[in-house]
*Asks:* 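Structure below; questions to follow.
Treat the numbers as computed from the prediction; the structure is a model and nothing was measured.
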Amino acid sequence: MYKQEEIKPYHEGEKAQQVEAMFDNIAPTYDKLNHRLSWDIDRRWRKTAIRKLADYQPKTLLDIATGTGDFAIQAAQVLHPEKIIGADISEGMMNIGREKVKEIGLDHIISFSKEDCLNLSYPNDTFDAVTAAFGIRNFADLDKGLKEMCRVLKEGGHMCIVELTTPVSFPMKQLFAIYSHLVLPLYGRIISKDNSAYSYLIKTIEAFPQGEQMMEILQNAGFSETSFRRLTFGICTMYFATK
């Protein structure tokens, strides 16, 4: 069993409160920072995941750890589903997402709901697809969170995750270490005025299971036909699975 308690010994409730407070705090600068720190490559990573889902034409989607709704918005524009629900623990992040979808006229498709992603409120077999972009590494209990994602997914439905990971090959592994430990926390601190958020980000990336290890965790959570694809020299990884 993999638990994010390996980063710091919080209980689930304490972990959730910490993550909620941190993301509420950085919400106003979150989009700006994400795009700048990734040189806008994060948009491309989301697009790759959405194209993977396009073959299956899902009509109902649940976007876990939706944040300000970037993935949900891109998915709505490309997949044209009937409904997308963005679920997150941070109302501060989702309030920005609500304004964004209203401004571009997608509020009839995309809605937001405050959810504990380890105990989702939705019935079994509800959604055609479940997605998560750059958020599941914040779960206090990864196994439990993935089992919940599997539970609310319809039989034969698909799950797609894009998550930041550490490169495994030279020289990108060494370059990423320098960038993530020196440049990213400093720049994040200057823009967001939060002294801990982007240092915390690096800790979660380094502690998160990758590649084949993640495949095993997904299978144990109830998924089948699991696969992964490293993107941009391994800075990000896309995981795809079927229920």
*Asks:* On a heavy-atom basis, which atom in Ala72 and which in Ile110 lie closest, and how many Å separate them?
*Replies:* O-CD1, 3.5 Å
*Asks:* Using a 3.5 Å distance criterion without hydrogens, assess whether the side chain of Ser111 forms a donor-acceptor pair with backbone atoms of Asp107.
*Replies:* no
*Asks:* Could you verify whether a donor N or O on one side chain and an acceptor N or O on the other, from Asp128 and Thr60, lie under 3.5 Å apart?
*Replies:*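 A donor-acceptor contact under 3.5 Å links the two side chains.
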*Asks:* Using modelled atom types and a 3.5 Å cut-off, is there a donor and acceptor pairing between side-chain atoms of Glu91 and backbone atoms of Lys114?
*Replies:*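 Judged by distance alone, no pair lies under 3.5 Å.
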*Asks:* Does some side-chain heavy atom of Ile136 sit less than 4.5 Å from a side-chain heavy atom of Asn138?
*Replies:* no
*Asks:* State, yes or no, whether a side-chain contact exists between Thr131 and Ile161 at a heavy-atom distance under 4.5 Å.
*Replies:* no
*Asks:* For Phe240 together with Phe228, are the ring centres under 6.0 Å from each other?
*Replies:*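 So the answer is no for these two rings.
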*Asks:* Show your working on side chain to side chain donor-acceptor pair (under 3.5 Å) between Lys154 and Thr126 and close with a plain yes or no.
*Replies:* CA-CA 6 Å; Lys154 291 179 182 178; Thr126 300; over 6 Å; no
*Asks:* Would a distance-only check, ignoring hydrogens and angles, find a side-chain to backbone donor-acceptor pair under 3.5 Å from Ser90 to Met93?
*Replies:* yes
*Asks:* May I ask you to test the Leu164-Phe208 pair for a side-chain heavy-atom distance under 4.5 Å?
*Replies:* no
*Asks:* Going by an N to O cut-off under 4.0 Å, is there a salt bridge joining Arg151 and Glu148?
*Replies:* yes
*Asks:* Flag the pair His108 / Lys83 as yes when at least one side-chain heavy-atom distance between them is below 4.5 Å, and no otherwise.
*Replies:*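 A side-chain contact under 4.5 Å is absent here.
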*Asks:* For Pro81 and Ala75, work out which heavy atoms get closest and say how close.
*Replies:*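 Between these two residues, the closest heavy atoms are CD-O, 3.9 Å.
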*Asks:* Is it the case that the side chains of Ser224 and Gln219 hold a donor-acceptor pair, with the cut-off being a distance below 3.5 Å and no angle test?
*Replies:*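 There is no such pair between these side chains.
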*Asks:* Output all residues satisfying side-chain contact (heavy atoms from CB on, under 4.5 Å) with Ala129, sequence neighbours left out; order by chain, then residue number.
*Replies:* Leu53, Pro58, Leu61
*Asks:* Examine distances only and state if a side-chain atom of Asp88 and a backbone atom of Met94 form a donor-acceptor pair shorter than 3.5 Å.
*Replies:*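 Side chain of Asp88 to backbone of Met94: no pair is present.
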*Asks:* Which residue is it: Thr68, Val101, Asn95? I am looking for the one with a side-chain contact (heavy atoms from CB on, under 4.5 Å) to Phe112.
*Replies:* Val101
*Asks:* Would you compute the distance between atom CG of Leu153 and atom CG of Asn124 and round it to the nearest 0.5 angstrom?
*Replies:* 11.0 Å
*Asks:* Going by the side chain to side chain donor-acceptor pair (under 3.5 Å) test, which pairs reach into residues 233-243, not counting sequence neighbours?
*Replies:* Asp125-Lys243, His158-Thr242, Thr165-Thr237
*Asks:* What is the distance from atom CG of Leu118 to atom CG of Leu146, rounded to the nearest 0.5 Å?
*Replies:* 10.0 Å
*Asks:* Any side-chain heavy atom of Ile85 within less than 4.5 Å of one from Tyr122?
*Replies:*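 Answer yes - side chains close enough.
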*Asks:* Measuring only between side-chain heavy atoms, which start at C-beta, is Ile73 closer than 4.5 Å to Ile84?
*Replies:*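 Heavy-atom side-chain distance check fails, nothing below 4.5 Å.
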*Asks:* Look at atom CD of Gln77 and say whether more than 12 heavy atoms of other residues, nucleotides or ligands are closer to it than 6.0 Å.
*Replies:* yes
*Asks:* Any ion pair linking Asp42 and Arg46 (charged N to carboxylate O, less than 4.0 Å)?
*Replies:*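 Salt bridge between Arg46 and Asp42, a charged N being under 4.0 Å from a carboxylate O: yes.
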